[in-house]
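Working notes for the structure below.
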Amino acid sequence: STNEAESIEHGSHMVAEGHDMRSLVYSFLDEWLYNFAIEDFVANAITIEEINLDKWTVVSSGKGEVMDINRHPQGMEVKAITYSGMRIDEKKGRVDIYVVVDI
């Protein structure tokens, strides 16, 4: 069972930058992956606070907790985000993004 001391909620804030949509998506995902690698932060909710397509920036924040191997069993580890196979399909009212990760 999980007690409250083990699941203290944390927050994190990210700013990602690119030079086009593909590089912005890559940067956004890479920033969150890097945050996990350095801070052991596991986000359970990420909010996009601002997207600026003139400057190719995205500001986001996440809520979650610190990784605890006893509570967060690991399967495959994502080692890197890749451009390989990345697809961005813009449709009316939505954008579908497909990304292949290196495991």
Side-chain angles (χ1 to χ4, degrees):
S1 83
T2 302
N3 69 38
E4 286 187 33
E6 293 175 328
S7 63
I8 297 170
E9 190 162 293
H10 294 278
S12 197
H13 184 80
M14 295 289 143
V15 177
E17 300 176 349
H19 59 271
D20 60 13
M21 185 60 77
R22 285 172 49 94
S23 65
L24 185 58
V25 168
Y26 176 94
S27 178
F28 170 77
L29 294 172
D30 195 52
E31 286 292 333
W32 283 102
L33 181 60
Y34 180 77
N35 191 40
F36 171 73
I38 298 303
E39 302 291 334
D40 284 337
F41 177 77
V42 180
N44 60 25
I46 295 174
T47 301
I48 305 298
E49 297 174 2
E50 177 186 337
I51 297 176
N52 184 324
L53 297 180
D54 293 324
K55 294 182 179 180
W56 297 110
T57 59
V58 61
V59 177
S60 61
S61 61
K63 292 184 179 179
E65 56 192 327
V66 173
M67 172 75 174
D68 177 350
I69 196 68
N70 295 318
R71 295 181 352 91
H72 305 106
Q74 280 188 292
M76 302 259 183
E77 179 181 353
V78 175
K79 295 181 181 172
I81 308 303
T82 72
Y83 281 101
S84 176
M86 182 185 289
R87 195 171 87 218
I88 302 169
D89 294 337
E90 296 184 47
K91 302 175 181 177
K92 186 176 180 177
R94 67 186 269 173
V95 177
D96 295 332
I97 299 173
Y98 302 88
V99 179
V100 176
V101 296
D102 184 14
I103 54 173

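Only a predicted model underlies this, so the values are computations on that prediction, with no experimental measurement involved. What you see below is based on every heavy atom in this structure, not just the backbone, and it leaves out hydrogens, waters and symmetry mates.
Of all non-hydrogen atoms in Met67 and Gln74, the two that sit nearest each other are CE-CG, 3.4 Å.
Rounded to the nearest 0.5 angstrom, Glu90 CD and Met21 CE are separated by 5.0 Å. The line from NE2 of His13 to CD of Glu49 is 5.5 Å long, rounded to the nearest 0.5 Å. Here Met14 contributes atom CE and Leu29 contributes atom CG; the two are 12.0 Å apart, rounded to the nearest 0.5 Å. Atom CD of residue Glu77 and atom CG of residue Leu33 lie 8.5 Å apart, to the nearest 0.5 angstrom. Distance check: Ile88 CD1 to Asp20 CG gives 7.5 Å after rounding to the nearest 0.5 Å.
Phe41 and Val58 fall within a single hydrophobic cluster, where Ile, Leu, Val, Met, Phe, Trp and Tyr side chains are chained together by heavy-atom contacts under 4.5 Å. Transitive grouping of hydrophobic side chains (ILVMFWY, heavy atoms separated by less than 4.5 Å) keeps Val59 and Leu53 in distinct clusters. Cluster membership for Val66 and Ile69, using ILVMFWY side-chain heavy atoms within less than 4.5 angstrom, is not shared. Each of Val15 and Ile81 belongs to its own hydrophobic cluster when Ile, Leu, Val, Met, Phe, Trp and Tyr are linked at side-chain heavy-atom distances under 4.5 angstrom. Follow the hydrophobic side-chain contacts under 4.5 Å out from Phe36 and you never reach Ile38; the two are in separate clusters.
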Give every donor-acceptor pair under 3.5 Å between a side-chain atom in residues 96-103 and any protein atom, sequence neighbours left out.
residue	atom	partner	partner atom	Å
Asp96	OD1	Arg94	NE	3.0
Asp96	OD1	Arg94	NH2	2.6
Asp96	OD2	Lys91	NZ	3.0
Asp96	OD2	Arg94	NH2	3.1

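With contacts defined as side-chain heavy-atom distances shorter than 4.5 Å, the pair Phe28/Ile48 qualifies.
Sorted by first and then second residue, the side-chain hydrogen bond (donor to acceptor under 3.5 Å, both in side chains) pairs with a member in residues 28-37 read Ser12-Asn35, Trp32-Ser60; sequence neighbours excluded.
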